[in-house]
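The residues of the chain are indexed from 1 along the displayed sequence. Both ligands and their constituent atoms are indexed starting at 1 by order of listing.
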Amino acid sequence: MKFNILTLFPEMFKPLEESIIGRATENGKIEINLINIRDFSQDKHKHVDDTPYGGGAGMVIKPDVVYDAYKSVEKPNSKVIYLTPQGKTLNQKKVVELSKEDDIILICGHYEGIDQRVIDKIQPEEISIGDYVLTGGELPAMVLVDSVSRYVDGVLNEESINEESFSNGFLEYPQYTRPEVFEGMKVPEVLLSGNHQNIEKWRKEKALEITKAKRPDLNN
Ligand code: ADE
């Protein structure tokens with residue numbers, strides 16, 4: 001799975017070099033290709049933005065630089081996504097769907113956004129990560145890369161994927177580790193019993209109980 005990320009701030013993607021995603025990149029399970037939109041500026045000062053027609057605050061990213069950056073990585077099988085609060089909200093179903101793609105292009109806006117004409121030309125799928133406004137599409141792009149990569153073969157072990165929150169429509173059951181007693185609170189007895197059938201039953205019940213209490217909107 002290759003992620004091509006079009007951004008004015010490639011340095012913001014450093015966190016993806018850590019932990020599970022960092023390892024997945026090192027092992028060649030995923031590839032993260034950062035494209036600096038500024039490299040496609042034609043003018044000598046490397047300008048990428050300008051004031052909005054019609055007036056108003058902030059700057060708008062020029063259409064030509066975004067289009068040239070896009071053309072430099074676009075392939076017939078590329079899935080193109082624009083991160084914007086106007087998009088459909090990302091959820092686990094969409095994450096799983098995207099994990100089946102081979103090549104994803106993520107377009108990150110910044111400032112007041114991108115000239116509408118290049119969006120109309122490319123017609124990317126628009127995705128939001130939630131109903132709040134961020135300073136740019138970089139954090140949303142990282143959220144998408146992280147959540148999608150977890151479903152790419154070999155990035156996680158299969159059990160983690162199957163047992164986690166959302167994978168079966170329920171939130172995850174609570175987890176415990178040593179010590180057996182913490183601040184006077186004991187680990188639930190059943191988890192110490194070694195009886196796997198009972199443990200599984202208990203976990204299912206807990207998952208159901210937690211989902212009902214915390215996210216009754218799920219699974220109905
Ligand atoms: N850009 C700014 N805010 C965003 C959001 N909530 N989701 C996706 N892209 C964004």
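The closest side-chain donor-acceptor pair between Tyr67 and Glu74, if any, does not fall under 3.5 angstrom. Asn33 and Asn4 share a donor-acceptor pair across their side chains, judged by distance under 3.5 Å alone.
Contact of the Ile104 side chain with the Lys2 side chain is not registered, since no non-hydrogen atoms from C-beta on lie closer than 4.5 Å. Side-chain contact between Met59 and Thr51 is present, with at least one heavy-atom pair separated by less than 4.5 Å.
In this structure, the protein non-hydrogen atom closest to atom 6 (N) of ligand 1 is Tyr132 O, 2.8 Å. Protein heavy atom nearest atom 10 (C) of ligand 1, with residue, atom name and distance: Pro85 CD, 3.5 Å. In terms of protein heavy atoms, atom 7 (N) of ligand 1 is closest to Ile129 N, 3.0 Å.
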Residue pair Val95, Arg150: steps toward the side-chain contact (heavy atoms from CB on, under 4.5 Å) verdict
CA-CA 9 Å; Val95 163; Arg150 300 176 69 257; over 6 Å; no

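Under 4.0 Å from ligand 1, the heavy atoms of Pro140 that appear belong solely to its side chain. With a 4.0 Å cut-off on non-hydrogen atoms, Thr84 touches ligand 1 through its backbone and not its side chain.
For ligand 1, the polar-atom distance check against Leu134 finds a nitrogen or oxygen pair separated by under 3.5 Å.
Numbered from 1 in the order shown, with element, the atoms of ligand 1 that lie under 4.0 Å from a heavy atom of Gly130 read 6 (N). With ligand atoms numbered from 1 in the order given, ligand 1 contributes 8 (C) to contacts under 4.0 Å with heavy atoms of Ile127. Within the listing of ligand 1, atoms 6 (N), 7 (N), 8 (C) sit less than 4.0 angstrom from a heavy atom of Ser128.
In this structure, Lys186 places its NZ atom where more than 12 heavy-atom neighbours from other residues, nucleotides or ligands lie under 6.0 Å away.
The closest approach between any non-hydrogen atom of Gly136 and ligand 1 is below 4.0 Å.
Pro174 approaches Lys206 most closely through the heavy-atom pair CD-CB, 3.8 Å.
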